2 protein chains.
Amino acid sequence: MARPRTFDEDTVVDAAMVAFWRTGFDDTPINALEDATGIKRISLYNAFGDKEGLFLAALDRYHLGARDVYEGMVAQGNLDAIQNLFTAMSAPADPDAPAHAGCLMVNTVLDVRRASDEVKARITGYRELLRTSFVSALQNARSEGQMIADDDVIEQRATYLLGLLWGALALIRVEGKTTAAKDVADVGNLTIDGWRRR
Amino acid sequence: MARPRTFDEDTVVDAAMVAFWRTGFDDTPINALEDATGIKRISLYNAFGDKEGLFLAALDRYHLGARDVYEGMVAQGNLDAIQNLFTAMSAPADPDAPAHAGCLMVNTVLDVRRASDEVKARITGYRELLRTSFVSALQNARSEGQMIADDDVIEQRATYLLGLLWGALALIRVEGKTTAAKDVADVGNLTIDGWRRR
DNA sequence: CCTATTTTATAATTCTGAGTATATAACGCT
DNA sequence: AGCGTTATATACTCAGAATTATAAAATAGG
């Protein structure tokens, strides 16, 4: 008994996510969000409360996709899965993909000084997702006999992988291309090869 | 025949640098700069033109100090010098040092989307300084017989080191402490050990 | 002492961008 | 048809922050 929404909320969130991805929270004014989503500010405020509400929705959406990648591919895999991740990151299939802007979560992470507590919580959750995925993959690698390492070393290596990934993504963000990230990934993958039992 | 400046420009720039270091360009309002430097906004505008002028002066000042470290310690050194850099980064002597806020240049790098062209130029110069310092150190290591590598590998490893350093600094920035960075540095140093000729 | 210049202190200006208000049109259901 | 909700379009309010303006005090040299 009322006019239904003419826009699909998921589509709007997707479009907003890409906009935030490219230009960040602070440098994406409401105008740009109107343009990106194709709906008016009032509708955005109605649907998401405020700008941060929309941003949180975008982060959640991104997290959903990332969870598929990390829990599905990395956490279930072994050293090969980790190497595949680094290779894929530094050689995106679509050269126009927003991935060239780095990673929404990492970008947001790097903006963390400006972020609210809710946003910080998302980021922390995301960092944990990555780290535990790496830990899982390393544990799998150990139980499959790919490498030998005690628990402390696995924790240490997971943190290293996280730092390496962030560093590569930061380079992508600054340079706007993946060439430097490829070098980082290549040497990182050689390091991982060094972990393999000979 | 006029009242002279009662403040020392270098001291003011130093104080401003620390302020920017801790909270970043955008989140350091003029108020905070007045407090940090102890002089009034008018004097700041008189001496530096605008807020960005002061920021550029702070970046230059930081760069000066960094150049001593990188050109003096790293570029003249070898694999050991690189490892020392990573060790020092993840274990600062003074726990209250602003180094715990990461590195002013890297922080600025990570904020690059908000930066002006002049600031971006500073950042690019800084990145080059780091990279070429790593290249020099690796070349030294080769000529000293520490490791065997052709020029391409040296370039690749230098980029890797840059990415690793940035990743570690990004972790410091997010976590506000150096524990994760220590893991990154430790594994990174093991990787460097792997480059040594056995 | 007087003048030119730089201070301090306070307040006005200006701009940007988030969020709100108002009026109106569109639409589905009873 | 009429009601209630959601859309469009435009304009307004409001806050924060940079920058500028004004007035008065301080100080070195002529």
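Given the structure is predicted, the values throughout are model-derived calculations rather than measurements. Per chain, numbering begins at 1; letters A, B, ... match sequence-line order.
Remark: B:D151 engages B:R142 in a salt bridge (charged side-chain N to carboxylate O under 4.0 Å, His left out) (not counting sequence neighbours). B:E144 meets the salt bridge (charged side-chain N to carboxylate O under 4.0 Å, His left out) test with no other residue; sequence neighbours excluded. Not counting sequence neighbours, the partners of A:T11 by the side chain to side chain donor-acceptor pair (under 3.5 Å) test are A:D8. Partners of B:N140 under the side chain to side chain donor-acceptor pair (under 3.5 Å) rule, at least two apart in sequence or in another chain, do not exist in this structure. For B:D35, there are no salt bridge (charged side-chain N to carboxylate O under 4.0 Å, His left out) partners, not counting sequence neighbours.
Between the CG atom of B:N46 and the C1' atom of C:dT8 there is a distance of 13 Å, given to the nearest Å. Counting to the nearest Å, the P atom of D:dT6 and the CD1 atom of A:I39 are 13 Å from each other. Atom pair B:L33:CG and D:dA17:P shows a separation of 12 Å (rounding to whole Å applied). One interatomic measurement links the two molecules: CG of A:D8 to P of D:dA7, which rounds to 12 Å at whole-angstrom precision. Rounded to a whole Å, the NZ atom of B:K40 is 24 Å from the P atom of C:dT5. If you measure from atom CD of A:E34 to atom P of D:dA9, you get 10 Å, rounded to the nearest angstrom.
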Mark up nucleotides 16-21 of chain C, 5' to 3', with B wherever a protein heavy atom is under 4.0 angstrom from a base atom, S wherever such an atom reaches only the sugar-phosphate, and - elsewhere.
--SBBB
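The distance from the CG atom of A:L85 to the CG atom of A:D80 is 12.5 Å, given to the nearest 0.5 Å.
For the OP1/OP2 pair of C:dT7 and a distance below 4.0 Å, the side-chain nitrogens and oxygens of B:S43 include at least one atom meeting the criterion.
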